[in-house]
2 protein chains.
Amino acid sequence: MEPSSPEVAAAPTLPAESGLHARVLDHLGTAICGGELAPGSVLNIDELVDRYAVSRSVVREVLRVLASIGFIEARRRVGVMIRPASAWNVFDPQVIRWRLASAGRMAQLRSITELRTAVEPHAAYLAASRIGRDEASDLVGLAAKMWAAGEAGDEERFLHLDIEFHRLVLLASGNEMFVRLQELVAEVLTGRHKHHLMPHHPHEQALQMHADVAQAIQRRDGERARQAMVRLMEQAFDEMKSLWEQTGAPDREATTR
Amino acid sequence: MEPSSPEVAAAPTLPAESGLHARVLDHLGTAICGGELAPGSVLNIDELVDRYAVSRSVVREVLRVLASIGFIEARRRVGVMIRPASAWNVFDPQVIRWRLASAGRMAQLRSITELRTAVEPHAAYLAASRIGRDEASDLVGLAAKMWAAGEAGDEERFLHLDIEFHRLVLLASGNEMFVRLQELVAEVLTGRHKHHLMPHHPHEQALQMHADVAQAIQRRDGERARQAMVRLMEQAFDEMKSLWEQTGAPDREATTR
DNA sequence: AGATACAAATGATATGATCTTTGAGTGGAA
DNA sequence: TTCCACTCAAAGATCATATCATTTGTATCT
C-alpha cells in the first residue's frame, strides 16, 4: 500500500465557494482578517443585506458563524461590533486560511512555525510508543522517498512527501489535537515552498534527520525521535527566520490588551 | 499592581445560557459530544424545529455554527448528518467545554495535558526572550505567592495562582496561538483540582520548579526556563496519569479513520 | 438491462412581521 | 446642578410562510 500517492491530492484551497453563505462568510472573514474592518467598528444587518444583496437569513447565519469564531459580537440597539484579534479562535482552520491570505501572512506563518517547534518533537516522542508496525514502515518508506525526491531535485514531489511525513507523525502520536495540527503544518510547508524558501536540493542534513526520526520511531526510541525532530524543527525555523526578517519582523503581534 | 487578585475571577462556565440560539446550540453540541447523536445519523431541520419548538431561523443558525466546527454536514435531499469526531475542531473552546462535560472528559484532559507538555516548555523558552520587565517581576511574584499559599495549605488560592502563573507564561511567549491555549490550561488545572489530584500540600518540588521557571525567564535564560518547565510538566503528567488509568485508559480515542 | 425523465424530499434563500432588549434622551425631584 | 426613574425608538432575535434549487429515488421508455 502506497501511502504517498493517493492522499497527497489534498484540498489546497476551495476556490469556487458555491452558495451565498460561503461567499459572504468568506468575504467578511477576509475583510476582518485583513483589517479592512477595524476592531471596534460596527455594522448592522440591514446594511450587510444591502451590501451583499442577499437575504437576512444568509446574513444572520454568517454572523452567527463569525460570532462563534470570535470575530464579531452582536448587541441589540448597537449593531454588530468587530472584535479585536485577541478574541479570535486562531486555531480555526478557516481563520488560518484567511490570515494566510491576508497581510498578516507572515505573522501567521511565524506563529504556526513556533507551534510546530513545540508540538512536533513531542508528537514524535509519543508516536514512538504508539505507532503501529505498518505505519512505522510507511514512515521509514516516506523518509526514503524523500531522499530520492531530494536527490532527483523534484521539489513538487518532495513537498508532498514532506507534508505526508509530518502528517503521519502527528497522526501516530495518538493525540487528536496533534492530528488536527496536520493541516496547519501542511499550510506552512506549502507556504514555505511557494516563497522559495526551500533549497532546490534539500539540505542533506534535513534528509538525514527525517530518516533519523522515522527510524527512531520505528525502533520505539521516543527520546531519540524527539531529539531528531527538534533538530529538524530548528533547521526549519532558521530557514523561515529569513522570511519574516525580510518582511519586517512582526515581533509583537496582536497584543491588543 | 497585583496581578493575581482581580483577574482570577474568570468565567468558569456560563450556566444560564440566555437566548434560544445558545440553548439549542448547547443542547445539540452536548448531545453530539456525548455520543447521543452517533456519527452518521441524520437529522432534518423540521424535526429539530419541532423538537426544540423554535423557529427555522434559530435552527438554521445553530446548524451553521455546528457545521463550522465540523460537527455536522448538511446535504440536500438527505438531511443533516452527524460527522465523526475526527472532523471536529477540537481546539474550539466550546468543543472543549462540551467534551469536558461529557463522557469523554478523561480523554480530553489527557489530550490537553499532552499538548501542554509540548507547548509550555517552548512557551517558557520564548518568554525568556520576549517578556517585559514588569511582567517578569509579576511572574516571580506569583511563584512566591504560590509558595506561600502552598505552605498555608490554601488550595483554592493555590489553584488560582497556578492558573495565573501559566497564563502569564503563555502570554509572555508572544505567540498568539500559545496565548489562546491559556483557557485550556485553566480547564485542566481546575479539573485536576476538582478531582483532588493535587496533594493538599503541593509538592515542594513543584513549588521550587515554578520558582525556577520564573527566575530563569526573568534572567532571560531560555534554555533553563524550558528545562524547568519540562520538569514541571513531567510531574503534572505523572500526577494525572493515575486519573486516566483508574478511569479505564482511553488509549485509542476517536481514531475513526 | 440500461438509460432517461419525472417527482418528491430537503436544504437554501427570500420576505415581512412581531417580540425583546437596551442605549439614549427627557423630565422631575433632591 | 445632579441624579434617578421613565419613555421611546433602534437594532438584533425570533417567528411564520413562501419560493427556489439540488439531489436522489423511482418509474418509464427503449
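Below, read A as the first sequence line, B as the second, and so on, with proteins coming before strands; counting in each chain starts at 1. From a predicted model like this one, the values you see are computed outputs, not experimental measurements.
At a threshold of 4.5 Å between non-hydrogen side-chain atoms, the residues B/Leu43 and B/Arg51 count as touching. Here the side chains of A/Asp162 and A/His193 are not in contact, with every heavy-atom distance at 4.5 Å or above. In this structure the side chain of A/Leu115 never reaches within 4.5 angstrom of the side chain of A/Glu120, judged on heavy atoms. Under the 4.5 Å side-chain criterion, counting only non-hydrogen atoms from C-beta, B/Leu168 is not in contact with B/Gln182. Counting heavy atoms from C-beta outward, B/Ile72 and B/Ile32 have side chains that approach closer than 4.5 Å.
Put simply, CZ on A/Arg76 is 6 Å from P on C/dT21, counting in whole angstrom units. Atom CG of B/Leu20 and atom C1' of C/dC19 are 11 Å apart (whole Å). Look at CG on B/Asp46: it is 14 Å from C1' on C/dA8, rounded to the nearest Å. Taking atom CE of A/Met81 as the reference point, atom P of C/dT22 lies 13 Å away to the nearest angstrom.
In the region residues 48-70 of chain A, proximity to DNA chain D at under 4.0 angstrom, judged on heavy atoms, holds for A/Arg60, A/Arg64.
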| task | Dump the intermediate steps for side chain to side chain contact (heavy atoms under 4.5 Å, CB included) on A/Met177 and B/Ile96, then the final yes or no. | result | CA-CA 11 Å; A/Met177 301 186 88; B/Ile96 307 254; 3.9 Å; yes

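Across B/Arg99 and B/Ala107, no two heavy atoms sit closer than the pair NH2-CB, 3.8 Å.
Where DNA chain D meets chain A (any atom under 4.0 Å from a heavy atom), the bounding nucleotides read 5' to 3' are D/dA9 to D/dT14.
A tilted orientation is assigned to the rings of B/Phe71 and B/Trp88, their planes being inclined by 30° to 60°.
Mapped onto DNA chain C by nearest heavy atom, B/Val80 and B/Arg77 fall at different nucleotides, with B/Arg77 at the one closer to the 5' end.
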